[in-house]
K.L.:
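Quick one: the structure is below, and I'll ask about it shortly.
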Amino acid sequence: MACIFCQIIKKEIPAQIVYEDEEILAFKDIQPKAKIHLLIIPKKHFVSLNKVRKKDKEILGKLLWQAKLLAKEFKISDSGYKIVINSGKDAGQVVEHLHLHLLGGEELKNFPI
Ligand code: 5GP
Ligand code: ZN
C-alpha cells in the first residue's frame, strides 16, 4: 500500500488542505500538537531528508519558503512559530514521507528546543 501522505496527495484519503501547487502540498495535522499545526510536504515521495539527492535539493528551499508564507497566512509570523523535520528513529519520525511541521498559535512549551 502507498504511503499515507502519497494517498493524501492523490486525494485517496481526505485532509484539510491549506496549500497546493505542482510540487508541494500543505494540510492540517490530524493530531495537532499546537493550535496551528500544518504539515508541508513535497509531492515527490522521499522517505526522509536523508533520501533527498542533489538533483532534487531545490525542493527543500521551496518547502521552507512555503512554510514562511503559510506562517504569514495563518497569522503566526509575529507571534512566532517552529518548523520541525523529524528524520529517523531517534527523532520519532512516524510517517516515512518527508514533511515539515509548522507549529504555532500558542506558546510552544512542550518542545525542548
Ligand atoms: P512525524 O512524527 O513522522 O514527524 O509526524 C507525522 C505527523 O503526521 C504526525 O504529527 C501525525 O499526527 C500526522 N499524521 C499521520 N497520519 C496523518 C493523516 O492521515 N492525516 C493527517 N492530516 N496527518 C497525519
Ligand atoms: Zn509518500
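Counting starts at 1 for both ligands and their atoms, following the listed order.
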K.L.:
Give me the nearest non-hydrogen protein atom to atom 2 (O) of ligand 1 as residue plus atom name, then the distance to 0.1 Å.
P.N.:
G92 O, 3.2 Å

K.L.:
Atoms of ligand 1 less than 4.0 Å from Q31 heavy atoms?
P.N.:
12 (O)

K.L.:
With sequence neighbours left out, write down each residue that passes salt bridge (Lys or Arg N to Asp or Glu O under 4.0 Å) with K62, or none if nothing qualifies.
P.N.:
E23

K.L.:
How wide is the angle at the Zn ion (ligand 2) between SG in C6 and SG in C3, to the nearest 10°?
P.N.:
120°

K.L.:
Report, as yes or no, whether the 6.0 Å neighbourhood of atom CD on E12 holds more than 12 heavy atoms from other residues, nucleotides or ligands.
P.N.:
yes

K.L.:
Hey, is I8 one of the residues with a heavy atom under 4.0 angstrom from ligand 1?
P.N.:
yes

K.L.:
What atoms in ligand 1 come closer than 4.0 Å to a heavy atom of F27?
P.N.:
21 (C), 22 (N)

K.L.:
Considering the heavy atoms of I4, write down every atom of ligand 1 situated less than 4.0 Å from one of them.
P.N.:
19 (O)

K.L.:
Could you tell me if the side chain of I41 sits less than 4.5 Å from the side chain of L100, heavy atoms only?
P.N.:
no

K.L.:
Indicate yes or no: does an N/O atom of D29 lie under 3.5 Å from an N/O atom of ligand 1?
P.N.:
yes

K.L.:
Taking a cutoff of less than 4.0 Å between a non-hydrogen atom of the residue and any ligand atom, is Q16 in contact with ligand 1?
P.N.:
no

K.L.:
Identify, by atom number and element, the atoms of ligand 1 in contact range of L39, meaning under 4.0 Å from any of its heavy atoms.
P.N.:
8 (O), 13 (C), 23 (N)

K.L.:
Spell out, yes or no, whether I4 and I24 are grouped together once hydrophobic residues are joined by side-chain heavy atoms under 4.5 Å, including indirect joins.
P.N.:
no

K.L.:
Would you call H101 and I83 a side-chain contact if the rule is heavy atoms closer than 4.5 Å?
P.N.:
no

K.L.:
For F5, is at least one N or O under 3.5 Å away from an N or O on ligand 1?
P.N.:
no

K.L.:
For the Zn ion (ligand 2), find the closest N/O/S atom belonging to H45 and write down its atom name.
P.N.:
ND1

K.L.:
Would you confirm whether the ring centroid of F74 sits within less than 6.0 angstrom of the ring centroid of Y19?
P.N.:
no

K.L.:
Restricting to N/O/S, name the atom of H97 that gets closest to the Zn ion (ligand 2).
P.N.:
ND1

K.L.:
With a sphere of 6.0 Å drawn around CG of D78, does it hold more than 12 non-hydrogen atoms of other residues, nucleotides or ligands?
P.N.:
no

K.L.:
Between L98 and L102, is there shared hydrophobic-cluster membership here, with clusters defined by ILVMFWY side-chain heavy atoms closer than 4.5 Å?
P.N.:
yes

K.L.:
Centroid-to-centroid, H97 to F46, below 6.0 Å?
P.N.:
no

K.L.:
Where does N86 meet ligand 1, judged by heavy-atom distances below 4.0 Å: at the side chain, the backbone, both, or neither?
P.N.:
side chain

K.L.:
Under 4.0 Å, heavy-atom basis, I'd like to know which part of V95 is in contact with ligand 1: side chain, backbone, both or neither.
P.N.:
both

K.L.:
Answer yes or no: is there a side-chain heavy-atom contact under 4.5 Å between L103 and K33?
P.N.:
yes

K.L.:
Can you name the closest pair of heavy atoms from V84 and N86 and give their distance?
P.N.:
CG1-OD1, 3.6 Å

K.L.:
Any non-hydrogen atom of H101 lying under 4.0 Å from ligand 1?
P.N.:
yes

K.L.:
Is I30 in polar range of ligand 1, meaning some N or O pair under 3.5 Å apart?
P.N.:
yes

K.L.:
In the protein, which heavy atom is nearest to atom 6 (C) of ligand 1, and how far is it?
P.N.:
H99 NE2, 3.5 Å

K.L.:
Using the rule that two of Ile, Leu, Val, Met, Phe, Trp, Tyr join whenever any of their side-chain heavy atoms come within less than 4.5 Å, decide whether L64 and L49 are in one cluster.
P.N.:
yes

K.L.:
Just to confirm my output: which protein heavy-atom neighbour is closest to atom 22 (N) of ligand 1, and how far is it?
P.N.:
K28 O, 2.9 Å

K.L.:
What atoms in ligand 1 come closer than 4.0 Å to a heavy atom of V94?
P.N.:
1 (P), 2 (O), 3 (O)

